[in-house]
Amino acid sequence: MLTPTTGYLILLIFGVIFTGITVLIHRMDSKRNGNTMTAEKFNTAGRSVGVGLASASIVAAWTWAATLMMSSSTGYQYGISGPFWYAAGATIQILLFAILTIHLKRKAPKAHTFLEFIAQRFDKKNHRLLLVFALGTNVIVTSMIILGGAITMHQLTGMNLYLAAFLIPLTFTFYTMIGGLKASFIADYLHTVILFIVLAIFGVAVYYKFGITNIYEGLQHLPESKQMLTMASVPGLLFGIINIVGNFGTVFVDQAYWQRAIASTDKAASKAYLYGGLSWFSIPFAIATILGVSAAGLGISVASPDSIAPVMASHILGTVGSLLFIIMLFMAVTSAGSAELTAVTNIIVTDIYRHSINPTASSEKLLKVSRFITLGFGLAMGLLSILLFYLGISLGFVYMAMGIFVSAAVIPVTLGLTWKRATNKGAFYGTLLGMIGGVSVWFSSAYILTGHVTIESLGQLYPMLCGNLAVFIVSGIISIGHSLLSSEEFDFESLKEKFKSFDEEKNEDSSPITEEELA
């Protein structure tokens, strides 16, 4: 156990370091290249990011606190199948997303958010509904990021849980507020390097300190050894299905991933997601094996599987292990948190403020609003995380349930971008009824299986599985079915001139979108 002072110092030191780096790079860029920060650069990084930086940013943005905590939990509970199902179940989405980046770049080269595209592709109802889903996704993801970080800081340093939940967002809010999306990319690159270094240290330490043979023999002596030593583990398979379905929503409906495609050059966008997805696979697969499966084989016991990662890190290298794990987790929290902050800022500025409140706002005004929103959302998420702790909602529960709440939008959004026959009504009712159907099946199955509906019964594997699958089935049937029955066809070529840079002078074409244009 480290001291609470150590925890506060880590938050302070790294927060100051990354804020300082952001300010320094921002000033150097201004002096050398004469570049000044504008609303367009703040929200899109100038659309000039290359493959390497974009790939590293995708790895960092997809490495949440849950990536370290929940992946280790699956290895501890399900054995060798856990690391694979966690890593593979969350890599598929990133790889497939590369296809959507190509469509977005071709059909809406100057779009700022995927919702801005939706506003032109579908009608006003769809834009508003998907706006709720997108912001909901960002809130859920940011909550998990902060929950995981606060739990670990509390376990390893004794920091006050509520204070940790409030302070963690501040560490990435300030540098994001200064440098915008470009700052997030630069910090992500540094975070990714540190993540892999610490991961390598833990892997080498486990190998030489405990040995593969000792861990394997320990797994053989467990009561559930057959489950722990085979890829045919039924609980592991069920988790894998839930993981795959749930994570489609947190990629395809999360602006954080769309904006990395938007910020990348045309040639870099799709490659970045392929390289980033394959690189990211190694992080949860390795960490779950090193800190999860190994802990089960060594017979380490914990009150909750969600907390096995920091306990095992401390068991491997003592105080040094605890410190390294906190640093690794801090890198994950700040990277993913910064990505979500910029995502929310871009959505509110583009799809609420500029779309409906002040369509003629200047670039300077949009930049001020962007920074204000970044600061406000960062503080608000700290308070929301405290509320979740107070309600007793765990990291594992939020992770497993997220797909039920956000994945109903996946198929309508994908069809809207790739299929000219996708319809307004099919997209709207597919999204809305898909979510309602998923929640209904989730609650119903929990009641049927346990006789009551509580957080504990809702958090079990089978109710989670039924709810996640129902979302996709209902949403797919409605959105695809209505499109097949309709004879509507959309002209994607009409979209290319619909989007304008924040820095361009306003003209007649950039006036508020009317109901007739959206119909």
Side-chain angles (χ1 to χ4, degrees), residues 47 92-134 137 248-249 251-255 257-262 264 266-267 269-271 273-274 347 350-351 355 406-435 471-500 509-510 512-519:
R47 305 178 193 268
I92 296 170
Q93 299 83 354
I94 296 294
L95 299 180
L96 291 177
F97 195 79
I99 300 172
L100 294 189
T101 65
I102 297 172
H103 284 276
L104 182 68
K105 285 290 189 181
R106 288 177 178 173
K107 296 168 182 174
K110 290 188 178 181
H112 299 85
T113 67
F114 80 97
L115 292 167
E116 189 178 23
F117 172 85
I118 292 296
Q120 298 288 351
R121 173 62 178 86
F122 292 123
D123 56 16
K124 194 171 184 178
K125 290 192 301 181
N126 273 289
H127 181 245
R128 288 178 173 175
L129 178 64
L130 289 171
L131 177 64
V132 173
F133 271 76
T137 301
F248 266 105
V251 173
F252 284 50
V253 194
D254 190 340
Q255 172 60 23
Y257 302 98
W258 291 96
Q259 68 191 13
R260 272 149 179 75
I262 291 167
S264 302
D266 292 344
K267 293 182 179 179
S270 59
K271 292 180 181 178
Y273 282 87
L274 293 175
I347 288 174
T350 303
D351 297 285
H355 185 271
V406 304
S407 291
V410 171
I411 294 177
V413 168
T414 303
L415 294 178
L417 193 62
T418 59
W419 193 25
K420 63 183 179 180
R421 291 189 59 183
T423 62
N424 291 326
K425 289 184 178 180
F428 180 80
Y429 290 107
T431 302
L432 182 61
L433 297 180
M435 190 269 287
V471 168
F472 260 74
I473 293 170
V474 174
S475 174
I477 290 174
I478 294 174
S479 55
I480 296 174
H482 188 274
S483 300
L484 291 173
L485 294 173
S486 173
S487 59
E488 295 179 24
E489 288 192 0
F490 186 82
D491 180 16
F492 285 110
E493 290 299 318
S494 65
L495 292 178
K496 289 188 177 180
E497 302 302 321
K498 295 284 188 179
F499 308 100
K500 302 293 181 182
D509 296 331
S510 61
I513 301 168
T514 64
E515 292 284 347
E516 291 75 20
E517 291 174 321
L518 285 171

Participant: What's the shortest heavy-atom distance between T101 and A269, and which atoms?
Facilitator: OG1-C, 4.1 Å
Participant: Any side-chain to backbone donor/acceptor pair from Q255 onto H112? Under 3.5 Å, distance only.
Facilitator: yes
Participant: State which residues pass ring pair (Phe, Tyr, Trp, His ring centres under 6.0 Å) with F97; sequence neighbours excluded, sorted by chain then number.
Facilitator: F252, W258, Y273
Participant: What are the two closest heavy atoms between A409 and V253, and how far apart are they?
Facilitator: CB-CG2, 3.9 Å
Participant: Which heavy atom of F122 sits nearest to which heavy atom of G416, and what is that distance?
Facilitator: CZ-CA, 3.5 Å
Participant: Taking side chain to side chain donor-acceptor pair (under 3.5 Å) as the test, write out the residues that go with K105, two or more places apart.
Facilitator: none
Participant: So, using side-chain contact (heavy atoms from CB on, under 4.5 Å) as the criterion, who are the partners of L274 when residues are at least two apart?
Facilitator: L95, A98
Participant: Using a 3.5 Å distance criterion without hydrogens, assess whether the side chain of N424 forms a donor-acceptor pair with backbone atoms of D123.
Facilitator: yes
Participant: Tell me the closest heavy-atom pair linking S407 and F472, and the distance in Å.
Facilitator: CB-CE1, 3.5 Å
Participant: Side chains of D351 and E116: does their closest heavy-atom pair fall under 4.5 Å?
Facilitator: yes
Participant: F492: what forms a ring pair (Phe, Tyr, Trp, His ring centres under 6.0 Å) with it, not counting sequence neighbours?
Facilitator: F490
Participant: Is there side-chain contact between H127 and L115, with heavy atoms separated by less than 4.5 Å?
Facilitator: yes
Participant: With a 4.5 Å cut-off on side-chain heavy atoms, are K124 and R128 touching?
Facilitator: yes
Participant: Taking the side chain as everything from C-beta on, heavy atoms only, tell me whether F248 gets closer than 4.5 Å to I411.
Facilitator: no
Participant: Start with the C-alpha gap between I262 and R47, add the side-chain angles, then the distance that decides, and say whether side chain to side chain contact (heavy atoms under 4.5 Å, CB included) holds.
Facilitator: CA-CA 6 Å; I262 291 167; R47 305 178 193 268; 3.2 Å; yes
Participant: Going by the rule side-chain contact (heavy atoms from CB on, under 4.5 Å), which residues pair with A108 if we only count those two or more places apart in sequence or in a different chain?
Facilitator: L104, A111, F117, F499
Participant: Could you tell me which residues satisfy salt bridge (Lys or Arg N to Asp or Glu O under 4.0 Å) with K110, sequence neighbours excluded, listed by chain and number?
Facilitator: E504
Participant: Is there a side-chain contact between Y257 and Q93, using heavy atoms and a 4.5 Å cut-off?
Facilitator: no
Participant: Going by the rule side chain to side chain donor-acceptor pair (under 3.5 Å), which residues pair with T431 if we only count those two or more places apart in sequence or in a different chain?
Facilitator: none
Participant: With a cut-off of 3.5 Å and sequence neighbours excluded, list every side-chain donor-acceptor pair involving residues 477-488.
Facilitator:
residue, atom, partner, partner atom, Å
S479, OG, S475, O, 2.7
H482, ND1, T423, OG1, 2.7
S483, OG, T423, N, 3.3
S483, OG, S479, O, 2.8
S486, OG, E488, N, 3.1

Participant: Nearest 0.5 Å please: distance from the CD1 atom of I118 over to the OG1 atom of T113.
Facilitator: 9.0 Å
Participant: For Q259, enumerate each residue passing the side chain to side chain donor-acceptor pair (under 3.5 Å) test, keeping only those at least two apart in sequence or located in another chain.
Facilitator: T342
Participant: Checking the side chain of K107 only, and the main-chain atoms of L495 only, is there a donor and an acceptor separated by less than 3.5 Å?
Facilitator: no
Participant: Please round to the nearest 0.5 Å and tell me the distance separating atom OG1 of T350 and atom CG of L131.
Facilitator: 11.0 Å
Participant: Kindly write out the residues that satisfy salt bridge (Lys or Arg N to Asp or Glu O under 4.0 Å) with K420, not counting sequence neighbours, or none if the list is empty.
Facilitator: E489
Participant: Who pairs with T137 by side chain to side chain donor-acceptor pair (under 3.5 Å), at least two apart in sequence or on another chain?
Facilitator: none
Participant: What is the minimum heavy-atom distance between G430 and P412, and which atoms define it?
Facilitator: C-CG, 4.5 Å
Participant: Can you tell me how far the CG atom of L417 sits from the CZ atom of R106, to the nearest 0.5 Å?
Facilitator: 11.0 Å
Participant: Do other residues, nucleotides or ligands put more than 12 heavy atoms under 6.0 Å from the CZ atom of F428?
Facilitator: yes
